[in-house]
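Report on the structure given below.
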Protein chains: 2
Amino acid sequence: MSDREGLGEFEHIIILALLRLGDDAYGMRVRQEIEQRAGRETSIGAVYSTLDRLETKGLVESFTGEATAERGGRAKRIFKATSKGIHALERSQQALMNMMEGLTWKA
Amino acid sequence: MSDREGLGEFEHIIILALLRLGDDAYGMRVRQEIEQRAGRETSIGAVYSTLDRLETKGLVESFTGEATAERGGRAKRIFKATSKGIHALERSQQALMNMMEGLTWKA
DNA sequence: ATATTTCTTCTACATTGTAGAAATGTCGGA
DNA sequence: TCCGACATTTCTACAATGTAGAAGAAATAT
């Protein structure tokens, strides 16, 4: 099982968003979460294509949510990080941590 | 001063490496540091092209180091993060921190 | 029916990541 | 002084990721 995945920056942020959103992790909401939390503007297209690629790589999975729609709106596609995705996330975080260990710098 | 830079994953790691290496931050050494610390294999070409791009963006600067060469070997090109680069680094770190805030997950 | 709303798909291009071979400059010894 | 071994950087090319926005689809209410 070649498990040498490396997450890009945006992929990293997206998986983090999925973890915090849980069952409410669908495209539009993910985008909103990123804009609010990370303070970073993104287009909805950017979010979906990244999500699709993560799914292709098996780091994320998706399924159609029940028709929750209260007043108009299409069925949601809910995303969830797979365990493989979580491992990839952990490796990325760890790499960063290792690089930061004991490091301080002047602004 | 448009200061909306976003660091890619590798760029992020490279700048961290520069900070920890200080005056010893030249290509080969940067590569070595990344392999050891981050546990990630990289080619020397990958390191240099990323460094070059960071320099073009003004996030890093470089100068030729004195001919330290003790037994053979060409002069080193020493790299250093600019203050703009450090700001970019801080923004990236902050974005990630914000996304992680209060988050826990099961492996 | 159709307008309105919410959400997803598709298409296209820009930026970053990645590798490896080729080039460059330095040193010690024949 | 020419040569071989070395350490380091430069160049070239392509793959993967980031990014945007317009177009399409499904649901509700009137």
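Excluded from the calculations below are hydrogen atoms, water molecules and symmetry mates; all remaining heavy atoms, backbone and side chain alike, are included. Within every chain, numbering begins at 1; the chains are lettered A, B, ... in the order of the sequence lines, protein sequences first and strands thereafter.
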Contacts of B:E35 meeting side-chain hydrogen bond (donor to acceptor under 3.5 Å, both in side chains) (sequence neighbours excluded), chain-then-number -> none
Between protein and nucleotides 17-20 of chain D, what N or O pairs are separated by less than 3.5 Å?
| residue | atom | partner | partner atom | Å |
| --- | --- | --- | --- | --- |
| D:dT17 | OP1 | A:K57 | NZ | 3.0 |
| D:dG18 | OP1 | A:E9 | N | 2.9 |
| D:dG18 | OP1 | A:F10 | N | 2.9 |
| D:dG18 | N7 | A:R53 | NH1 | 2.5 |
| D:dG18 | O6 | A:R53 | NH2 | 3.0 |
| D:dT19 | OP2 | A:R40 | NH2 | 2.3 |
| D:dT19 | O4 | A:S49 | OG | 3.1 |
| D:dA20 | OP2 | A:S43 | N | 3.0 |
| D:dA20 | N7 | A:S43 | OG | 3.3 |
| D:dA20 | N7 | A:A46 | N | 3.4 |

Integer-rounded Å distance: [N] [atom2] and [X] [atom1]:
X: B:R74; N: D:dG4; atom1: CZ; atom2: C1'; answer: 18 Å
X: A:L51; N: C:dC10; atom1: CG; atom2: P; answer: 14 Å
X: A:I14; N: D:dA16; atom1: CD1; atom2: C1'; answer: 15 Å
X: B:K76; N: D:dT10; atom1: NZ; atom2: P; answer: 14 Å
X: B:I15; N: C:dG17; atom1: CD1; atom2: C1'; answer: 15 Å
X: B:R77; N: D:dT10; atom1: CZ; atom2: C1'; answer: 9 Å

Pairing residues for [X] by the side-chain contact (heavy atoms from CB on, under 4.5 Å) criterion, not counting sequence neighbours:
X: A:S62; value: A:E55, A:R77, A:F79
X: B:N98; value: B:Q94
X: A:R53; value: none

Minimum side-chain heavy-atom gap A:I14-A:I34 below 4.5 Å
yes
- prompt: Within the side chain of B:T82, is there an N or O that forms a donor-acceptor pair under 3.5 Å with the backbone of B:E61?
  reply: no
* Can you check whether B:G6's main-chain N or O pairs, donor with acceptor, with B:R91's side chain at less than 3.5 Å? -> no
Pairing of A:E101 and B:R37 as salt bridge, 4.0 angstrom limit:
yes
Note: contacts of residues 24-36 of chain B with DNA chain C (heavy atom, under 4.0 Å) are none
